[in-house]
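Notes follow the structure.
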Number of protein chains: 4
Amino acid sequence: MATKKGPKYDQIIDAAVTIIAQNGYHQAQVSKIAKEAGVADGTIYLYFKNKEDILISLFEEKMGTFVDHIRSKLMEANTIEEQLQFLVEMHLKQLAADKNLAVVTQLELRQSNYKLRQRINEVLKEYLSVMESIIEKGKASNVFSQDVNDKLARQMIFGTLDEVTTNWVMKDCKYDLESLSKPVFDMLLQGFKLREDVS
Amino acid sequence: MATKKGPKYDQIIDAAVTIIAQNGYHQAQVSKIAKEAGVADGTIYLYFKNKEDILISLFEEKMGTFVDHIRSKLMEANTIEEQLQFLVEMHLKQLAADKNLAVVTQLELRQSNYKLRQRINEVLKEYLSVMESIIEKGKASNVFSQDVNDKLARQMIFGTLDEVTTNWVMKDCKYDLESLSKPVFDMLLQGFKLREDVS
Amino acid sequence: MATKKGPKYDQIIDAAVTIIAQNGYHQAQVSKIAKEAGVADGTIYLYFKNKEDILISLFEEKMGTFVDHIRSKLMEANTIEEQLQFLVEMHLKQLAADKNLAVVTQLELRQSNYKLRQRINEVLKEYLSVMESIIEKGKASNVFSQDVNDKLARQMIFGTLDEVTTNWVMKDCKYDLESLSKPVFDMLLQGFKLREDVS
Amino acid sequence: MATKKGPKYDQIIDAAVTIIAQNGYHQAQVSKIAKEAGVADGTIYLYFKNKEDILISLFEEKMGTFVDHIRSKLMEANTIEEQLQFLVEMHLKQLAADKNLAVVTQLELRQSNYKLRQRINEVLKEYLSVMESIIEKGKASNVFSQDVNDKLARQMIFGTLDEVTTNWVMKDCKYDLESLSKPVFDMLLQGFKLREDVS
DNA sequence: TATGAATGAGTTTTCATTCAT
DNA sequence: AATGAATGAAAACTCATTCAT
């Protein structure tokens with residue numbers, strides 16, 4: 001069984017990111033990943049239960065770091081507005097910083113089967129709860145409108161960030177993604193803010 | 001070659017929706033689709049060039065109707081706000097009305113390969129341009145803020161609607177999707193509206 | 001069943017020669033032949049039992065004419081030598097005159113299955129017996145050596161002519177085939193002639 | 001890719017000869033060959049790029065041995081006549097000795113497509129050049145007539161041997177092929193020999 | 001731990017032939 | 001006689017996973 005966390009564990013995950021980004025999900029055979037990682041095919045199975053497990057682990061590892069970075073940045077925020085701002089900034093910044101990873105998470109991993117995608121969604125839940133807690137606090141502190149539906153608001157944040165990033169990846173990462181955080185943040189904030197004059 | 005548009009053309013497309021929704025993208029063999037459509041395997045190839053062509057045609061046909069319905073509804077709108085409202089309503093309403101189709105477009109077809117997904121994106125472009133023209137008109141008539149970036153706003157609309165619908169599908173369509181149009185519309189509108197007091 | 005010999009019968013056979021020469025044996029679908037002949041697919045089956053029957057008939061018709069021409073030319077010959085000479089000349093001349101047919105008989109039809117090739121051999125028998133009768137007469141009139149084995153001599157004639165023609169076809173009929181009849185005839189004649197001094 | 005030359009490489013080639021001889025070219029499925037060779041279907045593809053590659057390799061391997069044997073026998077020849085005699089003898093002897101192989105090369109492999117047949121012709125070239133060098137030396141040493149055309153003479157040798165062997169195979173190898181080498185050799189030699197009295 | 005040769009299940013597509021009109 | 005839409009059987013090849021060394 002998978003004796004996780006040798007030095008090769010990380011080698012294999014990084015090789016998977018590289019190979020999937022280069023060849024696409026359906027052309028990322030285990031043997032290619034093994035070769036890129038510099039190990040034998042069989043060795044993969046000492047660290048991962050099966051191919052799906054590589055991809056899930058890849059997502060868990062990378063997403064774990066991703067969320068940790070966001071969370072620690074949020075600690076620095078003094079206001080709800082800043083929390084939302086930092087989240088948007090960090091989301092785009094981190095994906096802009098690792099284009100291979102962006103290609104893999106935004107395009108390639110979505111070609112995976114239903115089962116894998118449900119596991120991915122579970123991993124995402126932690127991130128989504130970070131978003132929801134910002135919404136809740138925003139409403140509690142009367143910065144956001146009470147009319148805002150927590151779950152829908154979270155879906156708007158995630159859906160927008162995801163769509164913005166996917167478009168950037170599909171345009172071959174040719175423009176600056178990070179600089180979009182300010183206008184994206186502005187629109188989201190306006191969408192949630194307390195409205196003086198809602199009919 | 002594909003002599004499109006007999007009565008069987010539609011039979012096959014509808015069979016494809018049913019089979020993909022029931023079995024998932026990767027378990028939707030041509031022979032299953034043929035059986036569901038009540039034709040022989042080979043007959044499929046009188047109407048479609050290959051399996052990929054079935055899926056592209058499916059998307060084109062259904063998306064065509066989808067956008068047409070939205071467009072004609074938009075004609076009835078008297079204000080920009082109503083246009084955005086009708087678009088959100090019709091988007092959710094139509095997907096709520098055909099759950100099989102929703103499963104196929106939100107989940108299954110995204111497992112397709114890069115090439116098919118790029119064709120899908122081309123088909124989507126027309127819909128996206130409908131969204132962008134609402135943004136443009138909103139800004140031109142000073143209902144929306146000049147600070148709003150057309151493309152980002154469009155990505156927010158689409159990303160939000162897509163995420164909302166995907167979540168609904170992944171929860172097995174258990175709750176009422178259509179009733180979400182009002183709060184979703186509210187958040188989006190707030191996000192774009194002219195702001196009295198932007199810092 | 002095949003009501004042979006309408007005007008379309010010949011149209012179809014000629015279409016078959018054209019299509020096979022242009023596309024190769026394995027790319028010569030019945031529907032292509034029908035289209036070239038200007039008839040519907042189903043019409044083919046009013047004149048031929050099946051696809052194989054087209055090819056056999058093609059060979060029979062063309063080979064019949066081929067042998068008839070040779071036979072009538074042989075009537076003009078005054079000596080055994082001339083008979084052999086005329087046979088070689090006519091063989092090469094006729095194939096040189098219809099390159100499509102040469103491609104079909106020398107290359108494409110040989111890709112057919114064992115059964116068809118055996119039928120072709122039966123059709124060839126008549127031609128082969130013409131060759132053998134020349135050998136026999138040559139030996140009877142003491143022009144050819146008694147040591148010559150009838151069947152082997154016939155195989156040498158046919159094998160040589162066939163190989164010479166096949167090489168010409170495989171070189172895209174780029175050189176003059178007919179002019180080879182003199183040297184080919186010379187070699188064959190020498191091979192059979194009475195030898196003054198056989199060791 | 002084809003990591004040629006394990007013990008299984010030869011097993012598979014021999015299995016292919018057996019299966020093709022028994023079932024015919026078009027009934028020689030990869031799975032049958034694999035079963036006969038005692039390996040899994042997939043194993044075939046560790047040694048051969050595709051099915052065509054099996055057949056090409058089969059021909060190359062067997063033809064290589066075939067020509068090598070002839071060449072080394074020719075070294076023992078003291079005269080041009082003996083060279084021609086040995087070539088004829090060895091050609092017929094080797095095919096007579098492996099009837100399966102004879103069936104495959106004389107009948108079945110000729111049903112292959114144009115591309116494969118052209119590869120086969122390339123492999124044959126080496127053998128044909130052996131024949132041509134005999135012709136050339138025969139003319140140089142004034143044993144053969146200067147009137148003999150090198151290429152045509154080679155075509156006569158090959159065409160004759162090929163036709164003789166094919167007839168034998170089509171008669172189910174029922175008679176003795178090897179014993180035909182003497183009369184065949186005699187006719188060929190006469191065909192090429194210096195003629196005292198050529199008109 | 002590590003290797004890598006071997007396994008074998010699974011699916012799209014073509015095309016000769018039919019038959020209702 | 002003529003049509004042409006519909007039929008349905010049949011086979012090469014890939015690649016995740018195993019296991020003897």
Side-chain angles (χ1 to χ4, degrees), chain A residues 2-3 6-9 12 26-35 37-55, chain B residues 3 6-9 12 26-35 37-54, chain C residues 2-3 6-9 12 26-35 37-55, chain D residues 3 6-9 12 26-35 37-54:
Chain A
T3 320
K8 300 202 173 163
Y9 177 82
I12 292 167
H26 289 294
Q27 281 307 306
Q29 293 85 353
V30 171
S31 59
K32 263 189 201 153
I33 295 173
K35 196 174 178 187
V39 300
D41 293 15
T43 305
I44 298 264
Y45 292 86
L46 299 174
Y47 293 88
F48 301 91
K49 212 168 61 201
N50 51 33
K51 186 180 180 181
E52 197 174 53
D53 189 33
I54 307 176
L55 305 175
Chain B
T3 321
K8 305 213 166 150
Y9 178 81
I12 293 166
H26 290 293
Q27 279 307 305
Q29 293 88 349
V30 171
S31 59
K32 267 188 200 153
I33 295 173
K35 197 172 178 186
V39 300
D41 293 15
T43 305
I44 299 266
Y45 293 87
L46 298 176
Y47 294 88
F48 301 91
K49 216 168 56 204
N50 50 35
K51 187 179 179 182
E52 194 176 53
D53 190 33
I54 307 176
Chain C
T3 319
K8 301 203 171 163
Y9 177 83
I12 292 166
H26 290 294
Q27 281 307 303
Q29 293 86 353
V30 171
S31 60
K32 262 188 202 154
I33 295 172
K35 195 174 179 187
V39 300
D41 294 15
T43 305
I44 298 265
Y45 292 86
L46 298 175
Y47 294 88
F48 301 91
K49 213 169 59 201
N50 50 35
K51 186 179 180 182
E52 197 174 53
D53 189 32
I54 306 174
L55 305 175
Chain D
T3 321
K8 306 216 164 147
Y9 178 82
I12 293 166
H26 290 294
Q27 280 306 305
Q29 293 87 350
V30 171
S31 58
K32 266 189 200 152
I33 296 173
K35 197 172 177 187
V39 300
D41 292 17
T43 305
I44 299 265
Y45 294 88
L46 297 176
Y47 294 89
F48 302 91
K49 214 168 57 202
N50 49 35
K51 187 180 178 181
E52 195 176 53
D53 189 33
I54 306 176

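Bear in mind that the values here come from a model prediction, so they are computed numbers and not experimental data. To find a chain, count down the sequence lines: A is the first, B the second, and so on, and within it residues start at 1.
When each of A:N50 and D:V30 is assigned the nucleotide of DNA chain F with its nearest heavy atom, D:V30 is the one assigned upstream, toward the 5' end. Mapping C:H26 and B:S31 onto DNA chain E by nearest heavy atom places B:S31 at the nucleotide closer to the 5' end. Each of A:G42 and C:K51 has a nearest nucleotide on DNA chain E; the 5'-most of these lies closest to A:G42. Comparing C:A40 and D:D41 by the nucleotide of DNA chain F that holds the closest heavy atom to each, the one mapping nearer the 5' end is C:A40.
To the nearest angstrom, C1' of E:dA5 lies 15 Å from CD1 of D:I44. In this structure, CG of C:L55 is placed 12 Å from C1' of E:dA16, rounded to the nearest angstrom. Rounded to an integer number of Å, the gap from CZ of C:F48 to P of E:dT17 is 13 Å. As rounded to whole Å, 12 Å separates atom C1' of E:dA5 from atom CD1 of D:I12. Remark: C1' of E:dG8 and CD1 of D:I33 are 17 Å apart, rounded to the nearest angstrom. The distance from atom NZ of D:K32 to atom P of F:dA10 is 11 Å, rounded to the nearest whole Å. If you take NZ of A:K49 and P of F:dT18, they are 12 Å apart, rounded to a whole angstrom. Following rounding to the nearest Å, A:D53 (CG) and F:dT18 (P) show an atom-to-atom distance of 13 Å.
Comparing F:dT21 with E:dT1, their P atoms are spaced 22 Å from each other, to the whole Å.
The nearest pair of heavy atoms linking C:Q29 to C:K51 is CA-NZ, 4.4 Å. A pairwise comparison of heavy atoms in A:V30 and A:Y45 identifies CG2-OH, 3.9 Å as the closest pair. When all heavy atoms are compared, the tightest approach of C:K32 to C:Q27 is NZ-O, 2.8 Å. Taking all atoms of both residues into account, the shortest heavy-atom contact from D:I33 to D:I12 is CG2-O, 3.9 Å.
At least one side-chain nitrogen or oxygen of C:T43 sits closer than 4.0 Å to the OP1 or OP2 atom of F:dT3. Distances shown here put every side-chain N or O of C:Y45 at or beyond 4.0 Å from the OP1 or OP2 atom of E:dC19. Regarding contacts with the backbone of F:dA2, a side-chain N or O of C:K8 is found under 4.0 angstrom from either OP1 or OP2.
The side chain of B:L46 lies closest to F:dA6, out of F:dA6, E:dA2, E:dA5. Looking at the side chain of C:V39, the nearest of the listed nucleotides F:dT3, E:dA16, E:dA6 is F:dT3.
Across all strands shown, E:dA20 forms a Watson-Crick or G-U wobble pair, both distances under 3.5 Å, with F:dT3. Pairing of F:dA9, defined by two Watson-Crick or G-U wobble distances under 3.5 Å, is identified with E:dT14.
Taking OH of B:Y9 as the start and CG of B:L46 as the end, the distance is 14.0 Å to the nearest 0.5 Å.
At distances below 3.5 Å, not a single donor-acceptor pair connects side-chain atoms of A:K8 with backbone N or O atoms of A:A37.
Nucleic acid contact class of A:K35 (heavy atoms, under 4.0 Å, all strands): none.
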